[in-house]
Every structure is written in C-alpha cells, then in structure tokens.
Amino acid sequence: MAVDDATGEHIGLDDVDIRVGWLLDLIAAAGGELVSRLWHPATFDVLAAGRDRQDRRLPTQGHVAAARLGWTPRYPDGAYVPSRVTRVVTAQVMATLRTLTYRDSAITALSARFDPATGSLAPPTGSAEYVPPGFARGVQRQLAARARRDGGAPAGRVRITDLQEPPQTSAMARLSAADRQLARITAADRELMLTVKLPTSPAPAVRAQWRSIRLTAAIPEHLRGRTITDWHLPTLVLDRRGLLWRCAGTELAPAADLMAGTVAVGVDWSPTSLGAAAITADNPEGLVSDYRGWTYDDRGLGIKLARLQAEGQLLHGKAARLTRLAATAPPEVRAQLEEKIAVLDTHRTAVGVKRGKINRELAFHFARQVTDYAAAAHAQVIAVEDLTTLETRGHGRVNNNRAAQSARRQATAALAHTAAGVGIAVVSVPARGSSAWCPGCDQPLARPGGYHTAWCSRCRVGGNRDHVAGVNLAKRALLGKNKVTRRRGQLPAVRVAEHAPVRQCRDKHAPTPSRPRHRRVRRSRPTVTPRLGVTPKQHVPASQASVWDTVKPTPPHGDAGSRDTRTSPTPAAPVADSTRST
C-alpha cells in the first residue's frame with residue numbers, strides 16, 4: 001500500500017514503481033558518471049593512503065570521505081536532486097572504489113613479477129605478495145593480452161585502469177546512507193512503514209517535485225514472533241514484480257559460549273553435494289566420534305544450477321563470437337548482429353538472476369538443515385573449512401568450474417545467521433588435509449573404494465571421505481577453541497590445525513537418522529473374464545507381494561525394490577508360418 005504523506009491520497013503500486021525507477025535512474029546515472037570521472041590511478045593512490053588533502057585520516061562513512069575529497073556527482077542540467085540522494089550516490093561509489101583499491105595494488109605487484117617473453121609470473125618473494133591463485137591467473141591473462149597488443153613489456157607500473165574498464169553501477173538505492181530527511185522506517189502490527197521522498201518526474205527541476213510517500217508492507221511470516229528490536233533503512237531495487245525492499249534488522253539472539261563447547265559439528269564442502277557433516281565430542285577420556293555423518297540433500301537444485309551455468313556460458317560464448325564478427329562486418333550486417341547480441345545479453349542476465357535466486361534458496365535451506373542437525377546433537381560449535389587458500393583441481397575442467405562457482409560463501413553466511421538464532425557458534429578452521437588424513441593417527445588415508453571412500457588400516461576407521469573430513473574439522477575446532485582469532489566482519493577463525501587422536505565409539509552423539517517410510521505395493525492384476533467374440537490381450541499376472549513393503553536401495557537390473565522377484569513373462573510359442581489372405 002502507498003499513500004501520499006502530505007495529502008493522504010492513495011497511490012497505485014504501478015505509479016510507485018515508476019517513481020522509484022526514476023529515483024534509481026538518477027542514482028545509477030550519477031554513480032556511473034562519478035566512477036568514470038574518478039577512474040585514474042590518482043584516485044586509488046588516495047584511497048590506498050587513506051588520507052585527505054589536510055593529511056587527516058579518511059572516515060569510514062563513504063559519503064563523508066567523498067565530501068572531504070571533493071568527489072561529488074553531477075546531474076543533468078536543470079535537475080534538482082536533494083543532498084541526501086547525493087549521500088546515497090557517493091556512499092555506493094566509495095564502497096566500489098575501496099574494494100577495487102586492493103585489486104589495484106595486487107595488479108601492480110603482479111605486473112612487476114610478469115615476464116612478457118614467457119607470459120608467466122615469477123614466484124612471490126614474501127608473504128606480503130600473496131594473492132589468491134585464481135585472481136593471479138586472471139591478471140596474468142590480462143597482462144599477456146596487453147603485452148601482445150602493445151608488442152613488448154609494459155612501460156612503468158601497470159594499474160587497474162590500464163587493464164580494466166570502469167565497473168558498471170547497479171540500479172539500487174541504499175537508503176542507510178541517508179537520514180530522516182530522505183527516509184525513515186517504523187514497525188507496528190506486523191507491518192513495516194517506510195516514508196521516502198520520490199521524484200514526481202524523470203527530471204525534477206524544483207524541490208516541490210520531490211514528495212514523501214508512505215509505503216506499507218507486511219512483515220514476512222518467518223520473521224513474526226522473533227525478537228527483532230530495530231529495523232534499519234532498506235535498499236530499494238526493482239525486479240520483474242516491482243519494488244523490492246532489502247531490509248536489515250537487529251535481533252536478540254542467545255550468546256554462544258565457544259570456550260565451553262564440548263560437542264562440535266564439522267561441515268565439509270563436498271563436490272557432489274553442497275556439504276556433509278559429522279560430530280566429534282570432547283569427553284574426559286579424550287575426543288570421540290561415531291564416524292557416522294550426514295550428507296545434505298539439495299533436492300536436485302545442484303543439477304539445475306549446473307544446467308543454468310552451462311547455459312550462461314553458452315550464451316556468453318555466442319555473444320562474444322558475434323561481437324568479434326560485428327567488429328569487421330558491414331553496417332547493415334553489424335546492426336543485425338548487435339540486435340542479436342542484445343537479445344543474448346538479456347537472456348544471459350535472466351539466467352544469472354535465476355541462478356542467484358536458486359543459490360540463495362539453497363544456502364538457507366542448507367543452513368537450516370545443518371543447524372537442526374547440530375541442535376539435535378546438542379552441539380555448541382559448528383566448524384566450517386576455510387577455502388580461501390584452496391582451489392578445486394584434479395576433477396576435470398567442467399567439475400572444477402562447477403565447484404568453484406558453488407555458493408559456499410553465501411551458504412556460510414546463511415549458516416552463521418541461522419545458527420546464531422539458537423546460540424550455536426560458527427568458526428572457520430583450516431581445510432588442508434581434512435579429507436586426506438586420519439583423525440585418529442594423523443596419517444594419510446587409503447582409498448579402497450575410489451574417490452568417495454576413506455580407510456585407515458591402523459585405526460580401523462573409515463567410511464565416506466566427506467564424513468571423515470567432518471570429524472577432522474570438528475576436532476580442529478575443539479582443540480583450537482582457546483586460540484580463536486576474531487576480526488570485524490568475519491567469522492571467528494582457528495588458524496592452526498592441532499592434532500589429537502579421535503577414537504571411534506558406539507556412544508550416541510549424533511541424532512537418529514530418519515527411518516525409511518513404508519510404501520504400498522500394487523496388488524497383482526485381477527483375473528479378467530474374456531468376452532466372447534473379442535481376442536483378449538495377453539495379461540501376465542505379477543507374482544504375489546505383501547501389501548506393505550520396506551523401501552530398500554534399488555537393486556540392480558531394474559528391479560522395482562520389492563522383496564519378491566518378478567518373473568519374466570513366458571514367451572509365446574513361435575508360429576511356424578503366417579497365414580496371409582490374398
């Protein structure tokens with residue numbers, strides 16, 4: 001529902017979407033112009049130093065830092081835009097430029113180690129020059145392409161502005177950078193009321209063409225009844241269904257006592273499914289585990305994501321090929337190719353939006369399942385492996401790419417958010433060797449049944465390699481709980497992997513797995529009395545089976561799963577000669 005704040009007149013939601021679109025167009029255009037104007041090395045030098053012209057430290061707030069540096073956006077001639085909207089624009093631009101400052105310094109360091117003759121990078125001389133391998137390979141390809149284009153070694157330092165174009169700005173409005181003069185939000189009676197100033201024309205010329213609108217939306221059902229003490233100003237975006245609020249709220253959650261944790265759940269990221277979990281407990285006798293883990297069922301969403309990923313890559317390759325053809329095509333053909341490229345880009349954007357929605361659904365469903373598993377086991381800690389220094393390799397190009405684009409970071413954030421609601425701490429532990437070393441003797445594991453199995457002949461333990469990795473991760477969380485590193489905006493992390501033997505026990509720590517439900521088995525087909533004068537069809541009755549049958553793993557050779565083996569129908573007697581009337 002939308003109401004004019006001054007007159008109380010109701011406004012249609014379609015009109016609200018149009019006016020919000022005008023606001024987003026102003027913000028996106030001003031942000032894109034400001035980024036293009038600041039796209040030079042001096043901008044990143046200032047942000048890397050963190051000092052203004054008076055040698056004062058730049059504040060954390062993006063719009064305040066931009067005001068100190070004199071970085072203000074420009075709007076169309078004759079347009080009036082409130083200063084609070086300018087705050088929103090500069091806050092979004094500063095967030096983007098500060099993120100790219102790290103990439104600029106990394107590109108400069110990598111270019112100093114690049115050899116244009118061989119197209120390779122020299123190894124780093126110290127830990128300060130370390131960058132993620134995937135980022136280094138991408139910069140290496142860009143440096144090699146620049147060397148081929150320029151015909152030799154680059155002159156001077158290579159910056160991000162030499163290799164990349166200015167980034168595109170998203171059409172969104174982060175109202176959190178403004179104050180009550182632009183927007184305010186209140187909550188009452190299961191509803192949120194947002195009062196925000198919106199333009200009444202695409203190019204407002206005076207202050208009167210900005211009017212306050214009261215937007216009312218229902219609080220989602222899954223948030224009702226929760227102890228949310230404060231709602232923060234949302235981010236406004238437009239999707240295919242209209243205006244969308246992305247709100248943040250402050251919620252009271254039970255405090256997680258990491259130091260007193262005696263039961264931990266280790267979550268291992270799996271190449272076949274999103275993740276698997278196992279439990280390790282700290283008893284007076286030492287660390288114990290039953291080595292019986294739990295594997296997440298993604299309900300087929302992983303296959304759908306893989307299909308969408310392949311479709312997006314196909315569309316990207318086709319658009320790139322048409323772009324190369326359009327560069328040398330005649331004007332008439334070039335116009336046709338550009339139309340096709342625009343259609344392909346639209347389809348690729350739609351595929352990306354769909355993948356984003358599926359990844360979010362998958363992440364929160366995974367987080368809820370893992371949290372329920374940990375709560376049923378009375379665990380106080382959930383350990384996730386830190387994969388920032390590891391890469392997926394050795395599984396082929398397709399599987400490596402598929403695993404690299406998995407929504408693990410989003411699943412980790414969803415898991416931390418969901419587990420905090422029940423008082424369970426989520427910590428990050430080292431991932432090196434978690435599925436390759438035995439939790440009991442810390443020796444390499446054997447693979448008697450292939451990649452997905454693990455076995456230690458010395459400790460006589462083993463099973464699924466992901467479950468064994470979960471035991472290792474939970475062990476590292478319990479042993480390093482007194483040496484946790486906490487950094488703002490990141491999960492508590494255990495940096496060093498310590499070892500202590502984990503013995504196998506038959507004590508019950510994990511929740512009881514759900515038993516397979518019974519299903520009905522269709523009775524045998526009843527005998528049908530043939531009618532006179534009609535040639536009956538050959539009905540072969542099925543063997544007798546019980547009415548209730550336990551669901552078992554599917555046996556080979558296409559058996560339906562019943563305990564009674566179906567007999568194949570008796571072949572009919574061959575006919576020697578066929579009589580054909582002529």
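Note that the coordinates shown come from a computational prediction; the quantities given were computed from them, not determined experimentally.
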Residue pair T295 / H467, side-chain donor-acceptor N/O under 3.5 Å: yes
Lys/Arg-Asp/Glu bridge criterion (N-O < 4.0 Å) met for R348, D345: yes
Carboxylate-amine/guanidinium contact E361 K357, below 4.0 Å: no
Side-chain touch Q410/R360, heavy atoms, less than 4.5 angstrom: yes
Test: D45 and R159 ion pair at under 4.0 Å: yes
is_close_aromatic(W269, Y296), centroid dist under 6.0 Å: no
Approximate separation, where rounding is to 0.5 Å, of I18 CD1 and L243 CG: 12.5 Å
Check ion pair E311-R307 (N to O, under 4.0 angstrom): yes
salt_bridge(D372, R368) N-O dist < 4.0 Å: yes
Backbone of P430 reached by a side-chain donor or acceptor of S434 within 3.5 Å: no
Side chain to side chain contact (heavy atoms under 4.5 Å, CB included) partner of V384, chosen from V426, V370, V427, V265: V426
Residue pair R68 / R53, side-chain heavy-atom distance below 4.5 Å: no
Check: Q164 and I107 side chains under 4.5 Å, non-hydrogen atoms: yes
Point-to-point distance, once rounded to the nearest 0.5 Å, from CD of E33 to CG of L38: 8.5 Å
D179 with R87: basic N within carboxylate O range, under 4.0 Å: yes
Donor-acceptor contact present, side-chain T108 to main-chain V158, <3.5 Å: yes
